[in-house]
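A, B, ... follow the sequence lines: proteins, then strands. Residue 1 opens every chain. Here the structure is a predicted model, which means the values were calculated and not measured.
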Protein chains: 2
Amino acid sequence: MSRTREGELAAQNMAAKAEEVALLLKTLSHPARLMIVCTLVDTELAVGELEAMLELHQPHLSQHLTVLRAARIVEPRRAGKQIYYRLTQAKAAELVGALHAIFCRRPE
Amino acid sequence: MSRTREGELAAQNMAAKAEEVALLLKTLSHPARLMIVCTLVDTELAVGELEAMLELHQPHLSQHLTVLRAARIVEPRRAGKQIYYRLTQAKAAELVGALHAIFCRRPE
DNA sequence: TATAAACTATATTATATCATATATTGATTT
DNA sequence: AAATCAATATATGATATAATATAGTTTATA
């Protein structure tokens, strides 16, 4: 295979992967959504609990949860009047872990 | 300090940090910009080289480089007619490394 | 001054955000 | 079982921001 043809393929593979990852980053690139995902990283929480912890207005929170649900980053479970959310994507959880390690560690 | 006051502080600290990180994610959440940053992760490259590797139209690429420059993720160095770009933020580089580890590893 | 490399401006179109108002769903009381 | 309440979701609309193509501009060298 010619070198330029190889380059085209490499660019296309990279573009496909970049599109997938960029989409996830975009979904997480709002402070509220990032906080939601961070808060859910090691526990399931009801909407009302998130609301209290993050100090977000209810419809606003709900709208962001809708975005995260659509992206399949988060999944709801109904229990009576309340709806509990948890992370569903291992990769998203790993990413949050990495972000925490990079940006929230103590500066040496 | 009261428990609710503590909670407010925690929420505010988290919000401040989330805003910073979300901004970075947002800057990287476009496929072209993500590819640019990935490509620069271990080498400096001229605009023309990026153009060829990523198969992007020149003004399009240049506009994305402008965004990355404004975010101080990338820095230009002029050498004659050409302008070489390189990463300047250790944290951004670490993030790209983490993304690579999470999303580009072979599935087991 | 002509050319190559890269940047900037402009205009169009598409998306995202967020507040307010309204709807749904399940539990509780009468 | 109808009315009510509490928890959450959805709809709507106003405003802001982002993406991208085309055209024009700058800078450096030959």
In whole Å, I'd like the distance from the [atom1] atom of [X] to the [atom2] atom of [N].
| X | N | atom1 | atom2 | value |
| --- | --- | --- | --- | --- |
| A:Gln82 | C:dG26 | CD | P | 14 Å |
| A:Ile83 | D:dA9 | CD1 | C1' | 8 Å |
| B:Glu49 | C:dA4 | CD | C1' | 15 Å |
| B:Gln63 | D:dA18 | CD | P | 14 Å |
| B:Leu56 | C:dA6 | CG | P | 13 Å |
| B:Glu75 | C:dA6 | CD | P | 17 Å |
| A:His57 | D:dT10 | NE2 | P | 20 Å |
| A:Leu61 | C:dT17 | CG | C1' | 15 Å |

Can you sort out the partners of A:Ala15 under side-chain contact (heavy atoms from CB on, under 4.5 Å), two or more places apart, ordered by chain and number?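 side-chain contact (heavy atoms from CB on, under 4.5 Å) list for A:Ala15, sorted by chain: B:Met35.
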Of all residues at least two apart in sequence or in a different chain, which pass the side-chain contact (heavy atoms from CB on, under 4.5 Å) check with B:Ser62?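 B:Ser62 satisfies side-chain contact (heavy atoms from CB on, under 4.5 Å) with B:Gln58 only.
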Could you tell me whether A:Tyr85 contacts a base, only the sugar-phosphate backbone, or nothing, with contacts defined as non-hydrogen atoms closer than 4.0 Å?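 The answer is sugar-phosphate, as A:Tyr85 gets under 4.0 Å only of primed atoms, P, OP1 or OP2.
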Partner set under salt bridge (charged side-chain N to carboxylate O under 4.0 Å, His left out) for A:Lys26, not counting sequence neighbours: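 Checked A:Lys26 against salt bridge (charged side-chain N to carboxylate O under 4.0 Å, His left out); zero matches.
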Kindly write out the residues that satisfy salt bridge (charged side-chain N to carboxylate O under 4.0 Å, His left out) with B:Glu94, not counting sequence neighbours, or none if the list is empty.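 Checked B:Glu94 against salt bridge (charged side-chain N to carboxylate O under 4.0 Å, His left out); matches are A:Arg105.
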Neighbours of DNA chain D within residues 23-40 of chain B, by heavy-atom distance under 4.0 Å: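 Contacting residues: B:Lys26, B:His30, B:Arg33.
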The contact string for nucleotides 24-30 of chain D, one letter per nucleotide 5' to 3', using protein heavy atoms under 4.0 Å with B, S and - for base, sugar-phosphate only and none, comes out as ---SBS-
Between CG of A:Leu23 and CG of B:Leu34, what distance do you get to the nearest 0.5 Å?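 These two atoms lie 11.5 Å from each other.
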